[in-house]
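One structure is given here, and the rest of the page talks about it.
Predicted model only: the values in this text are computed from it and were never measured. Within every chain, numbering begins at 1; the chains are lettered A, B, ... in the order of the sequence lines, protein sequences first and strands thereafter.
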Amino acid sequence: MNTLDYFKARLEATISPMDYLRNAQASPKRYYLIDVRNGPEHVRSITIKDANIIPQQELQERLHEIPKDKEIIVYCWDVWCNTAAKVAVLLLEHGYKVKELTGGIAAWREMDFPISESSLDLDSSKNCGC
Amino acid sequence: MNTLDYFKARLEATISPMDYLRNAQASPKRYYLIDVRNGPEHVRSITIKDANIIPQQELQERLHEIPKDKEIIVYCWDVWCNTAAKVAVLLLEHGYKVKELTGGIAAWREMDFPISESSLDLDSSKNCGC
Amino acid sequence: MNTLDYFKARLEATISPMDYLRNAQASPKRYYLIDVRNGPEHVRSITIKDANIIPQQELQERLHEIPKDKEIIVYCWDVWCNTAAKVAVLLLEHGYKVKELTGGIAAWREMDFPISESSLDLDSSKNCGC
């Protein structure tokens, strides 16, 4: 594979936090964003705003929730996390159009982009002010 | 694509901060380094020492500034930034020899490698000592 | 290369910290982990637990130490480090089965996964409590 093909493949397979935010704001119905992180809920209570929470472990049985007519964006923890790539493979094999959000939740938070806290977390003592 | 091809493609398309610094010090005329970050000037006032500042948005109209006889190295913010990859595609399609500096300005600063501050920033109140 | 091939190639060539730790705990004899970082010993005194220390510069002459019957996992500093990829190329060309540990020592430590400190470092004044 030559260098041009390498960069084209990477750009085709991924979207940066800046590009995703700008595009999603311009075309709110274009994307279906999925947080695919596994692990205990309390460590992943902060998610990207409007993300759909479908852990990779539950994906197979929840495939029907994912719309066929949108571009699917998947993310996990960070650049070194492979969970989003695994989900991308499964969704691509099912005919979805998929990109990985580069840098996952870590890059998104570093950019100070909009996040959500799950109701679970909002109910917990550490956020109630007491 | 097999694993060997994957690694070869990555090594062909990128250069690490350590390798760039060492090679550029040994052969100062070998490279033409471009900071391709977009965004307001004040957030990108710290750049890699001796970098040429050509934001991606201005690249098309400033192509004539880029020498054909050097290896072009492009960088943006971090590993999860796609701007440098976009510029690499455009330059490769124009016949340039291009590599991306892995990790962008973030990795460079983490290594404590030489940087510049723009005159714009040096003039600003936060740096004047008052 | 299409997007599916891109993700498959990445997953074939790399393993995440979480996946490595889980698999290595389940099958302790499956992997041979190598820390391939170059540079002064004191800056790389903290390594992944049970890693074999073979700096990239010494690899050629120490190839005989690496078992042919295990999966070789290589790592360097961080996601933007190319040393592990260079070693992967050399080992693949010698017939080894190789993956890169994504994120290197930086991601491993961010996850708070088990590490070792070299005896060299344990002897040094900064760790002796005086």
(request) Could you tell me which of C:Glu12, C:Glu100, C:Met1 has the largest number of non-hydrogen atom pairs under 4.5 Å with chain B? (result) C:Glu100
Between [atom1] on residue [X] and [atom2] on residue [Y], distance to nearest 0.5 Å:
| X | Y | atom1 | atom2 | result |
| --- | --- | --- | --- | --- |
| B:Arg10 | C:Asn82 | CZ | CG | 6.0 Å |
| B:Met111 | C:Trp80 | CE | CH2 | 5.0 Å |
| C:Leu92 | B:Tyr6 | CG | OH | 12.5 Å |

How about [atom1] on [X], more than 12 heavy atoms from neighbouring residues, nucleotides or ligands closer than 6.0 Å, or not?
| X | atom1 | answer |
| --- | --- | --- |
| B:Lys29 | NZ | no |
| C:Lys70 | NZ | yes |
| B:Arg30 | CZ | yes |
| B:Lys97 | NZ | no |
| B:Arg62 | CZ | yes |

(request) Could you have a look at B:Asp5, B:Leu11, B:Val79, B:Thr14 and say which one has the most heavy-atom pairs with chain C under 4.5 angstrom? (result)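 It is B:Leu11.
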(request) Counting only heavy atoms closer than 4.5 Å, note whether C:Lys8 contacts chain B via side chain, backbone, both or neither. (result)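 When you check distances to chain B, no heavy atom of C:Lys8 falls under 4.5 Å.
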(request) Measure C:Asn38 against the heavy atoms of chain B and call it side chain, backbone, both or neither at under 4.5 Å. (result)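 It is neither, since no heavy atom gets under 4.5 Å.
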(request) Please flag which part of B:Asp19 lies under 4.5 Å from any non-hydrogen atom of chain C: side chain, backbone, both or neither. (result)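 Side chain of B:Asp19 only, per the 4.5 Å heavy-atom cut-off to chain C.
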(message) Can you tell me which portion of B:Ile15 sits under 4.5 Å from chain C's heavy atoms? Options are side chain, backbone, both or neither.
(response) backbone
